[in-house]
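Whatever order the structure lists them in is the order used to number ligands and atoms, beginning at 1.
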Amino acid sequence: MVIIALDYICNMQKLEDNFKHQGMRRKLVNTLKEKGITDEAVLNAIDTLPRHYFLDDTFLKQAYSNMAFQIGAGQTISHPYTVAFQSSLLEVKKGDKILEIGTGCGYQTAILMIMGAKMFSIERQRYLYDKTKVFLPKIGYKPKLFYGDGYIGKEAFAPFDSIIVTCGAPFIPEALIKQLKPGGKLVIPVGDGAVQEMKRLIKNEDGTVLEESYGEFSFVPMLQEKE
Ligand code: SAH
């Protein structure tokens with residue numbers, strides 16, 4: 001995995017989306033298809049959302065390659081493949097109420113909004129929360145954003161059709177399962193090392209939980225209270 005260190009990402013210089021950008025996005029979509037992403041709604045969202053808005057101008061080319069980037073506060077925006085993979089696992093239906101843990105730059109949040117989800121997202125880094133809260137509405141997306149701890153979810157807005165965790169969780173937080181609707185899905189990378197196992201938990205109507213595994217991914221850690 002290649003990570004470019006850069007501290008001023010999320011500082012959009014100009015919001016211009018021209019043919020060149022659109023062509024680069026088309027190529028990225030083809031790469032994702034070759035890697036096995038088939039969900040048309042996911043591919044359409046990636047084709048629609050200018051990823052370079054979320055990065056600095058200098059990194060235009062890299063914005064459309066399958067790379068993770070530093071977004072400040074020591075955090076990264078996920079690889080496009082990871083965003084596409086997690087979004088596919090959610091099997092989003094229009095109008096779904098989705099809670100995201102780890103807003104970061106808001107790229108994943110906006111992708112799910114394009115797919116028709118009503119988004120709620122929690123970020124524990126004040127710096128990123130403050131930036132993304134201003135930035136997303138500027139480019140036309142108005143999710144409900146919260147500054148807080150993802151481990152406890154968002155009881156006041158529960159239950160959710162799905163919950164997506166975009167940081168590596170050392171364990172599966174019980175509160176997140178509780179806040180799912182019956183039939184709801186939790187997509188979460190689990191593991192406390194550099195590599196996590198992508199899990200999808202489906203809450204059955206009777207409250208039992210079905211757990212599926214989808215291979216290894218690498219995320220920044222889901223931090224606990226005092227870290
Ligand atoms: N979805 C983001 C990915 C950001 S990386 C995107 O598309 O860019 C993961 C994010 O999870 C980081 O911003 C990090 O600060 C945040 N995070 C880590 N631990 C958290 C916690 N306990 N609660 C909420 N957010 C957390």
Open item on the list: Here's one to test your reading of the geometry: is the NZ or CZ of Lys35 within 45 degrees of the ring axis of Tyr81 and under 6.0 Å from its centre?
Closed with: yes
Task: Those atoms of ligand 1 less than 4.0 Å from some heavy atom in Ile122 - done: 24 (C), 25 (N)
Open item on the list: Tell me whether Gly106 has any N or O atom under 3.5 angstrom from an N or O of ligand 1.
Closed with: no
Open item on the list: I want to confirm something. Looking only at heavy atoms, which of Arg124, Gln125, Arg126 is nearest to atom 20 (C) of ligand 1?
Closed with: Arg124
TODO: Check ligand 1 against Val220 and write out every atom of the ligand that is under 4.0 Å from a heavy-atom position of the residue.
DONE: 5 (S), 9 (C)
Task: Nearest neighbour in protein (non-hydrogen) for atom 22 (N) of ligand 1 - done: Leu223 O, 2.8 Å
Open item on the list: If hydrophobic clusters are built from ILVMFWY residues whose side chains come within less than 4.5 Å, do Ile177 and Ile101 share one?
Closed with: yes
- [ ] Examine ligand 1 and decide if any of its atoms is less than 4.0 Å from a heavy atom belonging to Pro221.
- [x] yes
Open item on the list: Restricting to non-hydrogen atoms, name the atom on Ser87 and the atom on Val92 that form the minimum distance, rounded to 0.1 Å.
Closed with: O-CG2, 4.2 Å
Task: Contact check: Gly150 vs ligand 1, nitrogen or oxygen atoms, below 3.5 angstrom - done: yes
Task: Sub-4.0 Å heavy-atom contact, Val83 with ligand 1 - done: no
Task: Leu99 to Gly153 - nearest heavy-atom pair and separation - done: CD2-CA, 4.0 Å
- [ ] Would you tell me which option among Ala110, Gly104, Gly168, Gly102 has the nearest heavy-atom contact to atom 1 (N) of ligand 1?
- [x] Gly102
Task: Proximal ligand 1 atoms for Tyr107, defined as those under 4.0 Å from one of its heavy atoms - done: 7 (O)
Open item on the list: Any atom of ligand 1 sitting under 4.0 Å from a heavy atom of Gln224?
Closed with: no
- [ ] Using a 4.5 Å cut-off on heavy atoms from C-beta on, say whether the side chain of Asp17 contacts that of His52.
- [x] yes
TODO: For Tyr151, take its heavy atoms, then give the atoms of ligand 1 lying under 4.0 Å from any of them.
DONE: 22 (N)
- [ ] Could you check if a side-chain atom of Thr103 sits within less than 4.5 angstrom of a side-chain atom of Leu128, using non-hydrogen atoms only?
- [x] no
TODO: May I ask you to identify the nearest protein heavy atom to atom 5 (S) of ligand 1, giving residue, atom name and distance to one decimal place in Å?
DONE: Thr76 O, 2.8 Å
Open item on the list: Can you report which non-hydrogen protein atom sits closest to atom 9 (C) of ligand 1, along with the distance?
Closed with: Thr166 O, 3.3 Å
TODO: Check each of Lys93, Lys181, Lys118 against Asp161 using the side chain to side chain donor-acceptor pair (under 3.5 Å) test, and report the only one that passes.
DONE: Lys181
TODO: Please identify which atoms of ligand 1 are closer than 4.0 Å to at least one heavy atom of Gln108.
DONE: 1 (N), 7 (O)
TODO: Would you mind running through ligand 1 and noting each atom that sits below 4.0 Å from a heavy atom of Ile101?
DONE: 23 (N), 24 (C)
Task: Joint cluster assignment, Leu223 & Ile152, ILVMFWY side-chain distance < 4.5 Å - done: no
Open item on the list: Does any N or O of ligand 1 fall below 3.5 Å from an N or O anywhere on Ser78, backbone included?
Closed with: no
Task: CZ-CZ distance between Arg51 and Arg25, expressed to the nearest 0.5 angstrom - done: 11.5 Å
TODO: Just jot down the ligand 1 atoms closer than 4.0 angstrom to any heavy atom of Leu128, in number order.
DONE: 13 (O)
Open item on the list: Please list, in number order, the atoms of ligand 1 under 4.0 Å from a heavy atom of Thr103.
Closed with: 1 (N), 2 (C), 6 (C)
Task: Taking atom 17 (N) of ligand 1 as the reference point, the nearest protein heavy atom with its distance - done: Cys167 SG, 3.8 Å
Task: Ring centre gap for Phe135 and Tyr53 strictly below 6.0 Å - done: no
Open item on the list: As an exercise, state the distance from CZ of Arg124 to OH of Tyr147, rounded to the nearest 0.5 Å.
Closed with: 7.5 Å
Task: Hphob cluster co-occupancy, Leu112 + Ile139, side-chain heavy atoms under 4.5 angstrom - done: yes
Open item on the list: Contact between Thr166 and Gln86 at the side-chain level, heavy atoms closer than 4.5 Å - yes or no?
Closed with: yes
Open item on the list: Could you identify the single nearest non-hydrogen protein atom to atom 13 (O) of ligand 1 and state the distance to 0.1 Å?
Closed with: Glu123 OE1, 2.7 Å
